[in-house]
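Notes follow once the structure below has been shown.
We're numbering straight along the sequence, starting at 1.
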Amino acid sequence: VSTQSTWDVFFRNHFEKHYALYVMILKWGFLLTALALVVFSDDIRKETHEFKSDVSKMLDIIIHSLYTNRNIFLREVISNGSDALDKIRILYLSNPKDPKNKDKESPTMDIRIKSDKESRTLTITDGGIGMTRNELIEHLGSLGVSGTKKFVEKLAESGSDMNLIGQFGVGFYSVFLVADNVKVASKHDDDEKQWVWESTADGNFFIYEDPRGNTLGRGTELTLE
């Protein structure tokens, strides 16, 4: 009997004897792989972007200089939500739609504020026009150069007047006065997916598909942590 035949018989007998063990190992391997994908899925999906230089400068001014009235952020985010609701009302006059979230629920035409003491979060949700992925990057990742310049000029003239921030389109960034981490989940009628913008104001922000799916139907959910 050849050596090759002997080895063939040995491996065949060995495999048949331990078949159940190999099957169990393969099953556990697939299970652990799937678990790892779930646990680390956020890191896989997240796209890292750098703030434009004007935003970084603005954040530094707001966070480190304009700190006398931290409550200003609530006025600004409510104002933004109100504007978003006005836009969708006007848009639906000529092109009405009835979007639904994943639970088949229609978005409400209002602004809702919810606090969670245990997780120390504040969530502001509106049923407004929402933002697409590209709009999140464009609107929250950069500022008009002229607007930034005028803001800085007026700031110097007024001596750190917090009321200026809403006049130059930078009101959103006041949320970093009270939050270490900010998440903006948004769903727009023109985008099939719900996206999340996230940042700690460290010079970068992340964009990723919301792992919860379409929870809004349409609108924006701002979570301050």
Side-chain angles (χ1 to χ4, degrees), residues 42 46-87 110-131 135-186 195-208 210 216 219-225:
D42 276 353
K46 287 183 179 179
E47 303 173 13
T48 304
H49 298 260
E50 288 187 5
F51 280 117
K52 299 297 183 181
S53 59
D54 52 350
V55 175
S56 296
K57 184 176 182 180
M58 189 66 62
L59 286 171
D60 184 68
I61 293 173
I62 292 176
I63 296 173
H64 297 107
S65 299
L66 307 182
Y67 58 83
T68 56
N69 185 7
R70 295 179 182 273
N71 294 331
I72 200 74
F73 84 94
L74 192 57
R75 182 194 73 182
E76 296 302 323
V77 297
I78 291 177
S79 177
N80 290 343
S82 179
D83 289 345
L85 286 166
D86 288 342
K87 289 178 181 177
D110 58 13
I111 299 173
R112 303 187 178 191
I113 302 175
K114 178 183 178 181
S115 63
D116 189 325
K117 292 183 179 180
E118 291 187 3
S119 60
R120 297 178 62 82
T121 61
L122 182 67
T123 304
I124 301 97
T125 307
D126 68 72
I129 193 169
M131 288 177 280
E135 287 174 337
L136 283 169
I137 296 173
E138 180 181 354
H139 296 333
L140 303 186
S142 64
L143 292 172
V145 176
S146 59
T148 304
K149 183 178 180 180
K150 290 180 180 178
F151 175 87
V152 174
E153 291 175 350
K154 288 293 183 181
L155 182 64
E157 295 175 5
S158 65
S160 301
D161 183 0
M162 283 292 286
N163 290 317
L164 288 173
I165 66 175
Q167 300 176 24
F168 295 91
V170 299
F172 164 76
Y173 301 102
S174 62
V175 296
F176 289 105
L177 288 168
V178 296
D180 295 323
N181 189 69
V182 175
K183 293 180 181 178
V184 180
S186 201
W195 295 92
V196 178
W197 179 100
E198 182 177 356
S199 180
T200 57
D202 61 350
N204 298 316
F205 64 92
F206 301 100
I207 293 288
Y208 53 95
D210 198 326
L216 297 171
T220 299
E221 176 189 80
L222 172 63
T223 303
L224 310 182
E225 301 175 343

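Here the OG1 atom belonging to Thr223 is positioned 10.0 Å from the NZ atom belonging to Lys114, to the nearest 0.5 angstrom. Between atom CG of residue Asn181 and atom CD of residue Glu198 there is a gap of 4.5 Å, rounded to the nearest 0.5 Å. Taken from CG in Asp202 to CD in Glu50, the straight-line distance is 10.0 Å, to the nearest 0.5 Å. Atom CZ of Phe206 sits about 11.0 Å away from atom NZ of Lys183, to the nearest 0.5 Å. Atom-to-atom distance recorded for Lys46:NZ and Asn204:CG is 12.0 Å, nearest 0.5 angstrom. Note that the OG atom of Ser115 and the CD1 atom of Ile124 stand 10.0 Å from one another [nearest 0.5 Å].
Taking the six-membered ring for Trp and thresholds of 30 and 60 degrees, His49 and Phe205 have nearly parallel ring planes, at less than 30 degrees apart.
Smallest separation of non-hydrogen atoms from Ala185 and Leu216: O-CD1, 3.6 Å. When every heavy atom of Gly127 is checked against every heavy atom of Leu85, the shortest pair comes out as C-CD2, 3.6 Å. For the residue pair Trp197 and Leu136, the shortest heavy atom distance occurs at CD1-O, 3.8 Å.
For the pair Thr125 (side chain) and Leu222 (backbone), a donor-acceptor distance under 3.5 Å is absent. Side-chain N or O atoms of Tyr173 include one that pairs as donor or acceptor with a backbone N or O of Leu140 at under 3.5 Å.
When side chains are defined from C-beta on, Ser199 does not count as touching Val182, because their heavy atoms never get closer than 4.5 Å. Asn80 is not listed as a side-chain neighbour of Asp126, based on a closest heavy-atom distance of 4.5 Å or more.
Tested against Val77 for a side chain to side chain contact (heavy atoms under 4.5 Å, CB included), the candidates Leu224, Ile111, Val175 yield a single pass: Val175.
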- [ ] Check step by step if side chain to side chain contact (heavy atoms under 4.5 Å, CB included) holds for Ile78 and Ile113.
- [x] CA-CA 9 Å; Ile78 291 177; Ile113 302 175; 3.9 Å; yes
